[in-house]
Number of protein chains: 2
Amino acid sequence: MTRRTGRRPGNPDTREAILTAARAAFADRGFDATTIRSVAASAGVDPALVHHYFGSKDKLFLAAMQAPLDPGELVPRILAGDPEGVGERLVRAFLGVWDSPAGTAGVALLRTAVTTEWAARLLREFLVTQVLRRIQEHLPGDRRQLPLRGSLAASQLLGLVMMRYVIRLEPVASATPQALVAAVGPTVQRYLTGDLAGVFDDPAGAVAHR
Amino acid sequence: MTRRTGRRPGNPDTREAILTAARAAFADRGFDATTIRSVAASAGVDPALVHHYFGSKDKLFLAAMQAPLDPGELVPRILAGDPEGVGERLVRAFLGVWDSPAGTAGVALLRTAVTTEWAARLLREFLVTQVLRRIQEHLPGDRRQLPLRGSLAASQLLGLVMMRYVIRLEPVASATPQALVAAVGPTVQRYLTGDLAGVFDDPAGAVAHR
DNA sequence: GTCTATATACGGATAGAC
DNA sequence: GTCTATCCGTATATAGAC
């Protein structure tokens, strides 16, 4: 934003246009099926310009993910306050996020992570360090249970995203946020703070071994 | 299996070897990233043979999905009996299926459906006509609620599969089936037969419009 | 800073020999 | 039935002119 000395990194508008087009394309078709040519065409620039700005397709992808994917203090704000309302607040905020530019980046990362290992690692690390860890810090209860509780909640939320934004199966794909909050909120609430009878009292330790 | 008159369709063993290799490859990397050359190499045959047997890459994919993906009367058997145990029985059977050849085909279809529209349609139709519809026929309660109830249950199960077999996020990825049944069973139970307060009593109809 | 031309590589599909 | 050789399209990436 602020002017700096040294070499101009090219027209900022052009750069931003490319990033937006790339984000949309990656979200739509995933990494592999997205061609730099199509991104360039969609942004109204020459394909060579994309290389000029970002160097490679991988770097373009990472740049497109960078800005929007930053939960920052959103998660803590959701978790603070009445512990009994965490589930519904989380689902509501979650649905809101997925309808923003961050959601576009999220779909892109998800679509890519399913087929590409380095993207899967990126998604895992994002979930663990940016989301689950923050949740863990703000929840009461046995510390040792939190990883499983967190990933159970994540599994439900991930399934919701898959149904609504990726596979698009009705009627979940078109349900109102209120209906989904009422339906899924209690599930997330139970996973995070509720009574999970029979899950943790396994003889050899339910979490280990498969 | 049984001998038939007419043209021999080639060595059955070779054909089956190709299908198995293809299923594994598609499950591992999805449709696009899987090359016919690699499938052939993995099956120990010439790439041209694959074309000879299956005609095209698409037809190879469909052939690899055909056999294993057939819920048949598995679903009805799960749903029959005590309605209060449906959730746990469903999750238990579900986890069992995903560790079989059918599971390999399932992962392949899922990985592909995320990026390729015709595969997404295939997955949707499979879920609706082969799974959800059968569930609908064997459940009590308001008929009009069943589509949403079914797709909510599907969202949780899909999320579980994503976590365990695709993204592989711990500790869900390595949790024991028992622990997952205890954790997720009640969720599915509630979606299918439980009290979903606030979900269906929406003024304009919670299912429509978004 | 922007675009043309091209190097390089890969994968699906086919023709045809054996 | 099986394999060799190859056509053809497409995509990333780079070199270099303007």
Side-chain angles (χ1 to χ4, degrees), chain A residues 3-26 28-65 108 111-112 115-119, chain B residues 3-26 28-65 108 111-112 115-119:
Chain A
R3 275 287 180 81
R4 295 193 306 186
T5 59
R7 187 172 160 279
R8 302 247 321 271
N11 188 337
D13 293 347
T14 305
R15 215 188 122 92
E16 213 43 52
I18 293 174
L19 279 180
T20 304
R23 204 140 44 219
F26 286 136
D28 212 56
R29 302 181 287 279
F31 182 81
D32 287 344
T34 296
T35 68
I36 290 190
R37 284 159 152 83
S38 75
V39 169
S42 160
V45 303
D46 190 277
L49 254 193
V50 180
H51 278 109
H52 181 69
Y53 281 135
F54 300 97
S56 75
K57 192 180 170 184
D58 301 71
K59 288 180 189 159
L60 171 64
F61 183 83
L62 292 178
M65 298 298 105
R111 275 223 159 88
T112 304
T115 354
T116 314
E117 178 48 32
W118 59 261
Chain B
R3 275 288 180 78
R4 295 194 307 185
T5 59
R7 187 173 160 281
R8 300 248 320 274
N11 189 335
D13 292 348
T14 304
R15 214 188 123 92
E16 212 44 53
I18 293 174
L19 279 180
T20 304
R23 205 140 45 218
F26 286 136
D28 212 55
R29 301 181 287 278
F31 182 82
D32 286 345
T34 296
T35 68
I36 289 189
R37 284 160 153 86
S38 76
V39 169
S42 161
V45 303
D46 190 278
L49 255 192
V50 180
H51 277 109
H52 182 70
Y53 282 135
F54 301 98
S56 73
K57 192 180 172 184
D58 300 72
K59 287 179 189 159
L60 172 63
F61 182 83
L62 293 177
M65 298 298 105
R111 275 222 160 88
T112 304
T115 353
T116 313
E117 178 48 31
W118 59 261

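Note that this is a predicted model, so its numbers are computed, not measured. All chains are named by letter (A, B, ...) in the order of the sequence lines, taking the proteins before the strands, and each is independently numbered beginning at 1.
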Out of C:dA13, D:dA13, D:dT14, whichever nucleotide has its closest atom nearest the side chain of A:Lys57
D:dA13

Considering only side-chain heavy atoms of B:His51, which listed nucleotide, D:dT6, D:dG1, C:dT14, is closest?
C:dT14

Check the distance between D:dA13's C1' and A:Phe54's CZ and give it to me in whole angstrom.
16 Å

When rounded to the nearest 0.5 angstrom, what is the spacing between NE2 in A:His51 and CG in A:Leu60?
9.0 Å

Rounded to the nearest Å, what distance is computed from the CZ atom of residue B:Phe31 to the P atom of nucleotide C:dG11?
13 Å

Does the side chain of B:Phe31 come within less than 4.5 Å of B:Lys57's, by heavy atoms?
yes

B:Leu49 side chain, from C-beta outward: closest of D:dC3, D:dA11, C:dA13:
D:dC3

Expressed in angstrom and rounded to an integer, what is the separation of A:Arg15 atom CZ from C:dG1 atom C1'?
14 Å

Taken to the nearest whole Å, CD1/A:Ile18 to P/C:dC3 is 10 Å

Closest non-hydrogen atoms of A:Arg15 and A:Tyr53, given as atom of the first, atom of the second and distance, are NH1-O, 4.1 Å

Quick one: pull up CD1 in A:Ile36 and CD1 in A:Ile18 and give me the separation to the nearest 0.5 Å.
10.0 Å

Nearest-Å distance, CZ (B:Phe61) to C1' (C:dG12)?
17 Å

To the closest 0.5 Å, what do you measure between CZ (A:Arg111) and OG1 (B:Thr115)?
7.5 Å

Nearest to the side chain of A:His52 - C:dG11, D:dA13, C:dT2?
C:dT2

Nearest listed nucleotide, side chain of A:Asp46, among C:dT4, D:dT4, C:dG12:
C:dT4

Touch check for B:Thr34, heavy atoms < 4.0 angstrom, all strands: base, sugar-phosphate only, or nothing?
sugar-phosphate

Taking the side chain of B:Arg37 as its heavy atoms from C-beta onward, which of D:dT6, D:dT4, D:dA13 lies nearest to it?
D:dT6

Could you give the CD1-to-P distance, from A:Ile36 to D:dT14, as a whole number of Å?
10 Å

Rounding to an integer number of Å, can you tell me how far B:Lys59 NZ sits from C:dG12 P?
15 Å

Short side-chain N/O contact from A:Tyr53 to OP1 or OP2 of C:dT2, under 4.0 Å
yes

Any base atoms under 4.0 Å from B:Ser56, or only sugar-phosphate, or nothing? Heavy atoms, all strands.
sugar-phosphate

